[in-house]
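These notes concern the structure reproduced below.
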Amino acid sequence: MTDTSGTAGHGRDIDELYQQVIIEHNRHPRNFGALEPHTHRAEGYNPLCGDHLFVSLNIDEQGTIQAVSFEGDGCAISKASASLMTMALKGKKIEEARMLFDEFRRLILKEMDAAREPNHLGKLTVFSGVWKYPSRVKCAILAWHTMKGALDNAKTVSTE
Amino acid sequence: MNMAFDVKRIREDFPNLAAQGRDAKPIVYFDNAATTFKPCQVIALTHSHYCHRTANIHRGVHYLSEVATAEYESTREKVRRFLNARSLSEIIFTKGATESINLVAASYGRKFLKSGDEVIISQMEHHSNIVPWQMLREETGCVLRVVPISDAGELMLDEYRKLLGPRTKLVAMVHVSNSLGTVNPVKDIIKEAHSAGAVVLIDAAQGVTHEPVDVQLWDADFVVFSGHKMFGPTGVGVLYGKERLLESMPPYQGGGDMILSVDFDKTIYNRLPHKFEAGTPNVAGVIGLGAAIDYMNSLSWAEVIDYKKDLLQHGTKLLSTIPDLRMIGSATEKAPIFSFTLRDIHAHDIGTLLDREGFAIRTGHHCTQPVMKRFGIPATSRASLAFYNTREELEAFAVALKKVVEVFK
Ligand SMILES: Cc1ncc(COP(=O)(O)O)c(C=O)c1O
């Protein structure tokens, strides 16, 4: 007999939060590590759960993000979010990065329905279930706040 | 398993056990170290106080005030008996364990501790039994000494003895650790401290539901606990203090009720215990705490202790079958509190996945960051059980944990 009560029968919601993409990026985060040289860098901290990371960006004179990386430690949601963010930002203009930040923030706060509204989120919509877990919203947005802090030349960013 | 303890019957007293979680799933409540559910008896008495007997206390000539005052003061007698204190003067109502500790640090500490005097605490203290002493250190220049804990999460008593000395003025120690489950040998700790001439504060926030507390048997100087962790309301707690010590201490807060007479030239403080109860207290909360004590008295300690021991053993065995689960805290004397890490899965992911299955656990540092540091981990997942939890819930918990591992495979 096959047992379907395992991951498959886990309920749709949890699959929405812990989707395979998120699990996979947690295990093999992209653009993970120090970035040299970099033009922007900030530290992000979520005092509530101890998530702690750095985001570094290398932005050229035309304002294009040539490279972006993150370092640090956190839960699967925060790590996968950081990893996917770095992929989304590479090659983008600063203004585009700011726009993505805003779209992502609205997505995870359920201020936007990504299926209906036009947006540039692409793969980032895997986080659309986070709003159901208010205690985890900060985990998903930490890397983004840190990135924005780096653009604004802030040294440290806290989600509190 | 002890059959004398009828858990099915007991569970009927706790309406919150029927609560539903996400997607209307039944909740298994394993967060009792944070706060416990309240039995109907506590809810009903608090409710009826607000419905029929609301009044301020100690200052009314009218009927309702007399009734409320009598109920409030009769709870003091219940607490006195619950702790086996000598006198009603020794029972102070506060808003919780935290305020009780702060009261002692601010009142006793400021008056009697000088620069260079030593306060001994342990590595397993809750932040509420660390920070008030650090604040006292800033004010008085006293020195904080910390008793280390072993790999099993037990207090290193040899180290404790080495720290005790002529400079030791106060020892503040937890009875039962909220993050490790360790039960400390309170009586020995107190005896050793007394030999060194120090007074002892025991944080029994978790201890009062673990075993009977007898302040005379312990010879404790101060004991603190919270109502909400022992099936009572939030916002009410107790400070027990030896009368001689409380008499010697200045008031903690000034206001109404703590004075006999006020004049701009001279104010005369009230007698114990009122000297330490400034302002209108949590009347309904105190009355509800009385109902919680009545409820605990209606159970047999021997049965509760046996039953919880069985939960501890059963849970320990079940969790040991989960590969790569590391139990943090494996003291010989332990309450049914399971704090653990699971592979490299972050505690918050474990917490969210278990929540989805209906399990209410706590993840994080549990207000004991030094414990996390001691074990070299950022956080644990913690299941803390009360006597209304069951073996079946533990078995379902083990299954749910195996599912968590599956998700992260
Ligand atoms: C051992 C211990 N001491 C003190 C406290 C503080 O209790 P409260 O927050 O009710 O004042 C707690 C609460 O978690 C505790 O577990």
Side-chain angles (χ1 to χ4, degrees), chain A residues 2-29 32 45-53 72-83 108 126-127 129-143 159-160, chain B residues 20-27 31 34 127 179 322 324 341-373 375-382 395-409:
Chain A
T2 44
D3 177 14
T4 51
S5 69
T7 15
H10 234 266
R12 255 177 300 112
D13 286 357
I14 208 66
D15 292 337
E16 252 179 61
L17 184 54
Y18 288 91
Q19 291 188 35
Q20 210 45 50
V21 181
I22 292 178
I23 300 289
E24 208 272 320
H25 275 263
N26 172 54
R27 191 176 306 127
H28 304 292
F32 186 75
Y45 187 53
N46 178 350
L48 197 69
C49 44
D51 292 342
H52 184 200
L53 50 81
D73 207 10
C75 62
I77 304 298
S78 73
K79 263 164 83 180
S81 176
S83 174
I108 64 171
V126 292
F127 291 99
V130 175
W131 64 269
K132 286 180 210 159
Y133 302 84
S135 62
R136 307 307 301 277
V137 165
K138 282 180 178 169
C139 307
I141 201 143
L142 178 62
T159 54
E160 279 304 282
Chain B
Q20 295 183 331
R22 292 181 200 280
D23 299 335
K25 273 207 178 163
I27 283 181
D31 197 15
H127 293 168
S179 59
I322 295 172
D324 301 322
T341 60
L342 185 54
R343 294 180 37 200
D344 57 351
I345 309 174
H346 197 283
H348 291 112
D349 296 317
I350 296 174
T352 297
L353 284 160
L354 288 174
D355 173 55
R356 188 61 188 70
E357 299 284 315
F359 292 90
I361 65 156
R362 172 112 181 237
T363 61
H365 53 60
H366 320 294
C367 294
T368 57
Q369 283 183 334
V371 171
M372 302 298 122
K373 196 169 167 195
F375 288 95
I377 49 178
T380 73
S381 302
R382 179 189 73 186
E395 279 152 19
F397 186 62
V399 173
L401 276 177
K402 285 176 184 158
K403 282 192 190 173
V404 171
V405 176
E406 275 303 307
V407 170
F408 278 90
K409 224 183 190 139

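Values below: every heavy atom of this structure, side chains too, minus hydrogens, waters and symmetry copies.
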(Q) Run B:T352 and A:R136 through side-chain hydrogen bond (donor to acceptor under 3.5 Å, both in side chains) and show every step you take. (A) CA-CA 8 Å; B:T352 297; A:R136 307 307 301 277; 2.4 Å; yes

Q.
Could you check whether B:D355 pairs with B:K25 (Lys NZ or Arg NE/NH1/NH2 to Asp/Glu carboxylate O, under 4.0 Å)?
A. no

(Q) Tell me whether the count of non-hydrogen atoms from other residues, nucleotides or ligands lying under 6.0 Å of NZ in B:K402 goes above 12. (A) yes

Q) Does anything in residues 18-28 of chain A pair up under salt bridge (Lys or Arg N to Asp or Glu O under 4.0 Å), and if so which pairs, sequence neighbours excluded? A) A:E24-A:R30

Q. Do B:T368 and B:H127 pass the side-chain hydrogen bond (donor to acceptor under 3.5 Å, both in side chains) test, and can you show the C-alpha distance, the side-chain angles, and the key distance before you say yes or no?
A. CA-CA 6 Å; B:T368 57; B:H127 293 168; 6.0 Å; no

Q. Stepwise, does the side chain to side chain contact (heavy atoms under 4.5 Å, CB included) test hold for B:L354 with B:F397?
A. CA-CA 8 Å; B:L354 288 174; B:F397 186 62; 3.7 Å; yes

Q | Close contacts, residues 73-81 of chain A versus chain B, judged by heavy atoms under 4.5 Å | A | A:G74, A:C75, A:A76, A:I77

Q.
At a 4.5 Å cut-off on heavy atoms, which part of B:K409 comes close to chain A: side chain, backbone, both, or neither?
A. backbone

